[in-house]
2 protein chains.
Amino acid sequence: MVSNSDSSGALAQRLSDSGLRSTPQREVIYSVLLKKRDHPTAEDVFARAKPEMPMISLATVYNCLETLVQCNLVRAVNFERGPTRYCPNLRPHAHFHDEQTGATHDIDLPAGVLDQVKSVLPVNFDAASVEIIFRGKARTET
Amino acid sequence: MVSNSDSSGALAQRLSDSGLRSTPQREVIYSVLLKKRDHPTAEDVFARAKPEMPMISLATVYNCLETLVQCNLVRAVNFERGPTRYCPNLRPHAHFHDEQTGATHDIDLPAGVLDQVKSVLPVNFDAASVEIIFRGKARTET
DNA sequence: AGCATATTTAGAATGATTCTAATTCCTTGT
DNA sequence: ACAAGGAATTAGAATCATTCTAAATATGCT
């Protein structure tokens, strides 16, 4: 059987690259993330996956999300100690956390900005990754 | 009685500015943070405060740390969902999280870098704060 | 001194996540 | 097709950091 979409094909590919299996649960979790990119929590994902797959368990949602993060198909994002949120945006981007609404917005980072930021590091610090989080309020037009 | 040091004087001042009281517990917690600036967790602070004040409770440590954060004398720092760490460094700085050792290093930010970073935001986003976290490994010379 | 309010305290409760152990589901070798 | 072995899923228990609760203490003020 041929993959039914680019994204699930990509998922199957990434999984097998890592020696992991493509499963219905992983497909559903990933499709849920792609469908509504509002940085859902594991509980959110659980709720959205259930209609499609009523027997899925919360533990599986956690397992699958962890797997997707390992495969670099999804980024985990944390604000303070709130529940982890998941984001399928793979471009380099920062996050803007709206303190009024709780909404999270992706802020694409122009090439070079990350390098500029990394340039503040003393030579003996070797950064594998940089995370930038903005907090404030956003005027999203009505 | 006159304050016994600049820092506790500063603490008493900041507290009363916010309509809060200076208490022995708050003084001890703050002095613990100033004494060893290694980004301790609440449990770490609790352990370090106990010798000086054996009856202090963990709940009080949480309360006092929260109070100090409210007064802007201390910053709370989070890495993923690990326990919150506390940092009395008030200069604008980023954090470098060493993935091998778990150590956290302050990275002072030259004036202007935060503005450069903020400049990537679309006009309708108004950032009250920016947080920058590096992850990687640090060669701290022996 | 007496009162109102802040603060501290111990322990219970919470919430997100991880762990455990049992089951189910493939995949591969025969 | 069939069995073995490993991978994945599942329900529920366990964990961990933190917050809440209610009672006890301390403090500042009139």
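Chain naming here is simple, since letters A, B, ... match the order of the sequence lines and numbering starts at 1 in each. No hydrogens, no waters, no symmetry mates; every other heavy atom, side chains included, goes into these values.
B:Thr84 comes within 4.0 angstrom of the backbone, heavy atoms only, and of no base.
A:Thr60 places no side-chain N or O within donor-acceptor distance of the main-chain N or O of A:Ile56, the cut-off being under 3.5 Å.
Taking atom NZ on A:Lys50 and atom C1' on D:dT10, their separation rounds to 13 Å, with Å as the unit. What separates CD of B:Glu43 from C1' of D:dT15 is a distance of 13 Å, to the nearest Å. Protein atom CD1 of A:Ile56 is 10 Å distant from nucleotide atom P of D:dA11, rounded to whole Å. As a whole-Å value, the separation of B:Glu27 CD from C:dT8 C1' is 16 Å. Rounded to a whole Å, the CG atom of A:Leu58 is 9 Å from the C1' atom of C:dT17. Atom pair B:Arg26:CZ and D:dT25:C1' shows a separation of 14 Å (rounding to whole Å applied). Computed from coordinates, the B:Met55 CE to D:dT25 P distance equals 10 Å when rounded to whole Å. Between the CZ atom of A:Phe46 and the P atom of D:dG12 there is a distance of 11 Å, rounded to whole Å.
The side chain of A:Tyr62 sits closest to C:dA16 out of D:dT9, C:dA16, C:dT9. Taking the side chain of B:Ala59 as heavy atoms from C-beta on, and the options D:dT9, C:dT17, C:dG11, the nearest nucleotide is C:dG11. Among C:dT17, D:dT10, C:dA10, the nucleotide with an atom closest to any side-chain atom of B:Ser57 is C:dA10.
At a cut-off of 3.5 Å, with distance as the only test, a side-chain donor of B:Ser22 or B:Glu27 sits close to an acceptor on the other residue.
Sequence order on DNA chain D of the closest nucleotides to B:Pro24 and B:Asn63 puts B:Asn63 first from the 5' end.
A:Gln25 has a side-chain polar atom (N or O) that falls below the 4.0 Å cut-off from OP1 or OP2 of D:dT10. For C:dA16, neither phosphate oxygen OP1 nor OP2 lies less than 4.0 angstrom from any side-chain nitrogen or oxygen of A:Arg81. Residue B:Thr23 places no side-chain N or O under 4.0 Å from the OP1 or OP2 atom of C:dT7.
A centroid separation of less than 6.0 Å is found between the aromatic rings of A:His95 and A:His39. No close placement of the B:His97 and B:Phe134 rings is indicated, their centers lying 6.0 Å or farther apart.
Across A:Leu33 and A:Leu65, no two heavy atoms sit closer than the pair CD1-CD2, 3.8 Å.
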